[in-house]
Engineer: 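First, the structure itself, so that you have it in front of you.
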Protein chains: 2
Amino acid sequence: MADDLDLVFKALADPGRRLLLDRLHAESGQTLGQLCALMEMTRQAVTKHLKLLEEANLVAVVWKGREKLHYLNPVPIHEIAERWIGKFEKGRLEALAELKRKLEEKADG
Amino acid sequence: MADDLDLVFKALADPGRRLLLDRLHAESGQTLGQLCALMEMTRQAVTKHLKLLEEANLVAVVWKGREKLHYLNPVPIHEIAERWIGKFEKGRLEALAELKRKLEEKADG
DNA sequence: ACATTATGCAACCAAATGGTTGCCTGTCAA
DNA sequence: TTGACAGGCAACCATTTGGTTGCATAATGT
């Protein structure tokens, strides 16, 4: 059960990795060293997080000499929004209304 | 770092839990027993998954006699879409264009 | 040429995760 | 009133996760 969608969800499940995506969104093309400066952990730990992001296709890497430049790939996040979240956004207000109704029924007895 | 957003992302990181949300989206008010029927694991394991979904506020529970009824709460998913994914959707095409450009530069040398 | 910089790779570790089994409790129906 | 049904709780287990340290290697600047 490690399909593409699952890799993306798992990659997004860590606050450190979400921070990395935030930083790459703010400024693309950052080196590993630059990204490490923001993360309170060793370079090797950051590398592991970036590896998961790459495997989920959320980040693409371009080597330039001895430097590893990182770029955000917006496609997987878009697909999650479209294919998965969109499904729940449809009928959202109805679901919310039913939830409220059921919670009130409980209160009534 | 276990704020609300993080709880939701972590809850969504498991395919079994996403399936539970799918099923509750399709038919709300299901009992634990009904939900267990779909999951190839013990009732106790399903209970643990549902607990995480409840803690993330993705699922609300109403007891009816000896049965535990589960309802989808669409609010957290909506907030993730608005507050987090929306940020990346903005400027999505620009990011994609830059990514392509950088990948081509690499190919050129 | 050589020291420094940027990074990779592997072994190791603690804690969290995802599952199990076994047993207990409360509710319903015959 | 008693048995079956719906579910809770706790202990336990294997694997994964998220981090570390130590060492190796390739590119760069002086």
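What's counted below: heavy atoms across the whole structure, side chains too, no hydrogens, waters or symmetry copies. Every chain is numbered from 1 and lettered A, B, ... according to where its sequence line falls, protein lines coming before strand lines.
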Engineer: Parallel, tilted or perpendicular: which one describes the rings of W84(A) and F9(A), with boundaries at 30° and 60°?
Structural biologist: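 Aromatic pair W84(A)/F9(A) classed perpendicular.
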Engineer: Tell me the interatomic distance from L50(B), atom CG, to dA6(D), atom C1', rounded to whole angstroms.
Structural biologist: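 For the pair L50(B) CG and dA6(D) C1', the rounded distance is 14 Å.
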Engineer: Does a nitrogen or oxygen in the side chain of K10(B) sit under 4.0 Å from OP1 or OP2 of dA16(C)?
Structural biologist: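 It does not, given that no N or O in the side chain of K10(B) lies less than 4.0 Å from OP1 or OP2 of dA16(C).
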Engineer: Determine: side-chain N/O of T47(A) to OP1/OP2 of dG8(C), distance under 4.0 Å, yes or no.
Structural biologist: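 Affirmative; the distance criterion is met.
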Engineer: Figure out the CG/P separation between D6(B) and dG18(D), and round it to whole Å.
Structural biologist: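 From D6(B) CG to dG18(D) P: 11 Å.
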Engineer: Looking just at side-chain N and O atoms, do E98(B) and S28(A) make a donor-acceptor pair shorter than 3.5 Å?
Structural biologist: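 There is such a pair (donor and acceptor under 3.5 Å, judged by atom type) between the side chains of E98(B) and S28(A).
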Engineer: Do the side chains of H70(A) and T31(A) get nearer than 4.5 Å, heavy atoms only?
Structural biologist: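 The answer is no; the side chains never approach within 4.5 Å.
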Engineer: What N/O pairs connect the protein and nucleotides 23-28 of chain D at under 3.5 Å? Give each pair on its own line.
Structural biologist:
residue	atom	partner	partner atom	Å
dA27(D)	N3	R66(A)	NH1	2.9

Engineer: Rounded to whole angstroms, how far apart are CG on D14(B) and P on dT17(C)?
Structural biologist: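 The answer, rounded to whole Å, is 11 Å.
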Engineer: Compare all side-chain heavy atoms of L52(A) with those of L7(A) and state whether any distance is below 4.5 angstrom.
Structural biologist: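 No; the side chains remain at least 4.5 Å from each other.
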Engineer: Applying the side-chain contact (heavy atoms from CB on, under 4.5 Å) criterion to Q30(A), which one of L72(A), L35(A), L20(A) satisfies it?
Structural biologist: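 When side-chain contact (heavy atoms from CB on, under 4.5 Å) is applied between Q30(A) and each of L72(A), L35(A), L20(A), only L35(A) qualifies.
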Engineer: On DNA chain D, check which nucleotide each of T42(A) and G33(B) is closest to and give me the residue with the more 5' one.
Structural biologist: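 The residue closer to the strand's 5' end, by nearest nucleotide, is G33(B).
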Engineer: Mind calculating the distance between CG (L52(A)) and C1' (dG18(D)) to the nearest angstrom?
Structural biologist: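 Computing the L52(A):CG to dG18(D):C1' distance gives 10 Å.
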Engineer: Would you kindly give the CE-to-C1' distance between M41(B) and dG19(C), to the nearest whole Å?
Structural biologist: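 Computing the M41(B):CE to dG19(C):C1' distance gives 8 Å.
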Engineer: Is there a path of hydrophobic side-chain contacts, each under 4.5 Å between heavy atoms of I, L, V, M, F, W or Y residues, that connects M41(B) with L50(B)?
Structural biologist: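 Yes.
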Engineer: For the pair made of NZ in K51(B) and P in dG19(C), what is the distance, rounded to whole Å?
Structural biologist: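 Computing the K51(B):NZ to dG19(C):P distance gives 15 Å.
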Engineer: In whole angstrom, give the distance that lies between atom CG of L20(A) and atom P of dG19(D).
Structural biologist: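 So the two atoms are 10 Å apart, to the nearest Å.
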Engineer: State, yes or no, whether a side-chain contact exists between D4(A) and N57(A) at a heavy-atom distance under 4.5 Å.
Structural biologist: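 Of all side-chain heavy-atom pairs linking N57(A) with D4(A), none is under 4.5 Å.
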Engineer: Round to the nearest Å and state the distance from L7(B) atom CG to dA16(C) atom P.
Structural biologist: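 It works out to 14 Å between those atoms.
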Engineer: Of A45(A) and K48(B), whose closest DNA chain D nucleotide lies nearer the 5' terminus?
Structural biologist: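 It is K48(B) whose nearest nucleotide is closer to the 5' end.
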Engineer: Under 4.0 Å between a side-chain N/O of H49(B) and OP1 or OP2 of dT17(C), yes or no?
Structural biologist: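 So the side-chain polar atoms of H49(B) never come under 4.0 Å of the phosphate oxygens OP1 or OP2 of dT17(C).
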